[in-house]
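Because the structure is predicted, anything quoted here is derived from the model rather than measured. Order of the sequence lines fixes the chain letters, A, B, ..., with proteins taken first and strands second; residue numbering starts at 1 for each chain.
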Amino acid sequence: MEERVLMKGNEALAEAAIRAGCRCYFGYPITPQTEIAAYMARHMPKAGGSFVQAESEVAAANMVLGAAATGTRAMTSSSSPGISLKSEALSYIAASDLPALIVNVMRAGPGLGGIQPSQGDYWQATRAAGHGDFHQLVLAPASVQEMADFAVLAFTLAFKWRMPAMILADGTLGQMMEPLYLPKRPDRTPADRTNQAAEPDWALTGTLNRRSHRIINSLVLNPAALEASVFERFARYRQVQAQEARWRYEGPEDPDVLVVCYGSVSRIYKQAIQAVNQEQGLRAGLFRPQTLWPFPAAELAAKAKHCKKILVPELSMGQFCDDVKLATAKLPKPVALACRAGGQVPTPAEALQRLKQTWACWLQDQEQEEVYYGDRQL
Amino acid sequence: MATVSYERPEALLDVPFHYCPGCTHGITHRLIAECLDELQMTGQTIAVASVGCSVMAYDYFACDVVQAPHGRAPAVATGIRRARPDRFVFTYQGDGDLAAIGTAEIIHAATRGENITVFFINNAIYGMTGGQMAPTTLEGQVTQTTPWGRNPAEAGNPIKVCELLATLDGPAFIARVAVDHANQIHQVKATIKKALQCQLEERGFALVELLSTCPTNWKMSATEAMRWVHEQMRQQYPVGVFVDRLREDQNSGRGGSAGGRHLSGPSAPEAVGLTALPAGYTHKE
Ligand SMILES: Cc1ncc(C[n+]2csc(CCOP(=O)(O)OP(=O)(O)O)c2C)c(N)n1
Ligand code: SF4
Ligand SMILES: [Mg+2]
């Protein structure tokens with residue numbers, strides 16, 4: 001039986017990760033994700049795993065690299081400034097074809113910024129997680145339930161495709177409490193960590209003088225060989241794009257306004273959409289990507305085909321909107337962007353106003369693409 | 001009948017080294033491999049190669065190897081050891097790697113007493129990138145980035161890693177040796193072996209600093225380079241044992257393993273009298 005509990009998003013993620021077989025957690029304190037580290041410090045040893053408070057995010061992410069190289073399920077978590085420091089190891093993890101989980105509970109930037117929720121690391125997560133040509137899986141939860149579910153999914157996908165997976169959450173999702181069903185406890189015991197049969201054939205487990213040595217490495221000095229390995233990795237990425245895109249749609253079949261957003265901001269707009277659909281005149285729908293990489297581009301384009309206008313609310317300055325525009329470029333539909341930054345989050349009333357405002361704009365001029373900075377229309 | 005008295009250790013693969021003539025990386029690799037053989041550790045060992053001239057150590061050692069980002073080998077080793085406490089881990093790091101970019105990682109791995117062995121190659125230079133100043137570059141030493149010699153007023157002072165780490169409570173064994181003469185080989189090997197022994201016995205962090213040559217970037221012949229280690233580097237970096245908890249435990253009768261599980265293996269070599277060896281150079285070599 002699934003267990004129904006009331007938990008904070010950060011703690012639900014941590015518990016689910018342990019249940020998903022995570023046996024190494026390495027982290028460094030930073031608000032608003034520290035509950036993950038605190039939970040791991042308490043519960044990881046009981047699960048037979050290892051918790052280390054590292055000297056920095058750089059070290060924590062490199063500890064993940066080491067643990068992942070042994071085929072162990074390992075993770076780290078941080079918030080925006082700390083994720084910048086993890087980018088070195090992320091690039092090496094991707095280049096070494098290792099699976100690992102990295103959690104970013106985003107706060108507002110740039111710089112030290114603030115500690116309130118933000119989605120300002122979208123580009124970093126989906127475009128430039130580190131140097132060089134590589135991708136990571138990016139999962140975007142919108143509830144405490146998904147914080148837990150995606151911890152499990154992230155490990156499954158990371159091991160399936162041998163690449164790093166990031167859960168891109170924000171302060172709201174990390175801090176809020178909601179009831180959820182925890183994933184089932186695995187039948188496997190922690191002792192299975194050292195079970196030879198369960199070990200993947202690429203893992204560094206010691207040769208035991210029975211096989212030739214394995215090397216996990218990202219240095220390839222021969223340009224032709226390096227190009228070939230990058231081509232091969234990107235061929236795999238194309239399969240990931242074809243198979244792993246996930247999204248949710250709620251609303252009428254052919255909405256007038258298609259709202260496209262992810263994470264915590266989608267919860268606020270969901271309320272506004274429900275309110276507007278109860279009135280006469282405007283029909284709105286919500287398209288919410290659950291994976292940001294791979295981006296559900298084809299699915300979004302199909303959904304957007306019959307709408308009149310697209311509204312993209314985000315807690316950043318148009319980073320996510322870029323992907324929406326790319327996905328719908330061939331239609332094309334007018335796209336309005338509603339930005340909040342600095343840790344500011346729209347109220348349900350503000351979301352309702354934005355919806356009505358963008359629809360009023362469309363009634364006046366069917367090609368207009370407005371941008372909202374908070375309440376200010378540009 | 002002919003007997004084989006010298007052959008390639010099994011822990012070293014039959015692959016030609018890429019190191020320059022007179023470079024001590026190769027000697028050190030061989031000595032580590034001999035110790036892995038003698039302690040029968042190879043099959044259970046996962047090595048961490050760092051960024052520097054020795055980056056391709058992964059091609060040479062017969063154990064599993066992961067290549068770490070510049071300076072992060074102790075963090076990567078921590079991850080491996082935590083994930084697989086039943087395996088041995090050693091890192092092989094240069095002075096730029098360990099004492100500049102990786103300073104935080106080595107200090108914290110040491111203070112946590114991670115059960116890993118670190119081989120620290122101090123050649124007073126950034127070898128791989130073509131001879132820039134290292135944190136260990138001697139005062140007055142000419143490098144690509146200290147063209148008039150290292151001036152401490154501008155470029156800071158050489159870092160003494162062993163002395164620094166010996167202030168911590170975490171390490172079980174810290175020693176410095178010099179790979180500067182054939183008469184040092186037994187001592188260097190015994191020290192390497194002892195550092196590995198520490199891990200076998202789960203005593204925690206062990207580090208061996210090896211004063212090493214880089215004839216190419218020092219712009220010296222192989223013999224000149226050896227002599228420079230002997231005459232210049234030893235002044236700044238005296239060889240010796242800085243921490244030896246194995247010995248303390250033996251003396252106090254404590255013995256046994258800190259980590260609980262005692263792995264059997266050959267007993268530790270006698271503690272080596274590192275400063276006692278006579279100088280091996282005449283001035284007409
Ligand atoms: C993050 C990063 N910075 C810089 C470099 C370039 N780099 C490669 S090797 C090296 C110096 C290595 O010197 P050392 O650790 O002393 O090793 P040696 O070559 O002397 O054995 C540097 C700076 C790099 N690879 N990665
Ligand atoms: S450059 Fe120096 S350290 Fe590198 S292989 Fe040559 S001699 Fe050795
Ligand atoms: Mg060096």
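Annotation: maximal heavy-atom pairing with chain B below 4.5 Å, among A/Asn217, A/Asn209, A/Val52, occurs at A/Asn217. Between chain B and the residues A/Ala54, A/Ser56, A/Ala59, A/Ala61, the most heavy-atom pairs under 4.5 angstrom are made by A/Ala59. When each of A/Gly66, A/Ala74, A/Ala69 is checked for heavy-atom pairs under 4.5 Å with chain B, A/Gly66 comes out on top. For the set B/Thr78, B/Asp59, B/Ile46, B/Val51, the entry with the most heavy-atom pairs within less than 4.5 Å of chain A is B/Ile46.
Contact residues of residues 98-113 of chain B toward chain A are B/Ala104, B/Glu105, B/His108, B/Arg112 (heavy-atom distance under 4.5 Å). Near-neighbour residues of residues 78-91 of chain A relative to chain B, defined by a heavy atom under 4.5 Å from a heavy atom of that chain, comprise A/Glu88.
Heavy-atom distances place no part of A/Ala95 under 4.5 Å from chain B, backbone and side chain included. Using a 4.5 Å cut-off between heavy atoms, B/Ala49 makes no contact with chain A at all. Neither the backbone nor the side chain of B/Val89 comes within less than 4.5 Å of any heavy atom of chain A.
Electrostatic pairing of B/Arg81 and B/Glu114 does not count as a salt bridge here, judged by no charged N lying under 4.0 Å from a carboxylate O.
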Distance-only donor-acceptor hits, side chain of residues 12-21 of chain B, under 3.5 Å, sequence neighbours excluded:
unit_1	atom_1	unit_2	atom_2	d
B/His18	ND1	B/Tyr60	OH	2.4
B/His18	NE2	B/Cys53	O	2.9
B/Tyr19	OH	B/His29	NE2	2.7

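If you check the side chains of B/Ser212 and B/Asn123, you find no donor sitting under 3.5 Å from an acceptor. With 3.5 Å as the limit, one finds a donor-acceptor pair spanning the side chains of B/Gln132 and B/Thr129. No hydrogens or angles considered: a donor-acceptor pair under 3.5 Å links the side chains of A/Thr205 and A/Arg211. Side chains of B/Thr117 and B/Gln199: a donor-acceptor N/O pair is present below 3.5 angstrom, by distance only. If you check the side chains of A/Gln53 and A/Tyr28, you find no donor sitting under 3.5 Å from an acceptor.
Aromatic ring orientation, B/Phe90 versus B/Phe61: perpendicular (interplanar angle above 60°, classes split at 30° and 60°). Ring-plane geometry between B/Tyr92 and B/Phe119 is classed as tilted, the angle between the planes lying from 30 to 60 degrees on a 0 to 90 degree scale. Taking the six-membered ring where the residue is Trp, A/Phe159 and A/Trp202 present tilted rings, their angle falling between 30° and 60°.
Taking the six-membered ring wherever Trp is involved, the centroid distance between the rings of A/Phe234 and A/Tyr237 falls below 6.0 Å.
With sequence neighbours left out, A/Phe51 forms a ring-ring contact (aromatic ring centres under 6.0 Å, His included) with A/Tyr25.
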message: Between B/Val48 and B/Val65, is the side-chain contact (heavy atoms from CB on, under 4.5 Å) condition met? List the steps.
response: CA-CA 6 Å; B/Val48 186; B/Val65 192; over 6 Å; no

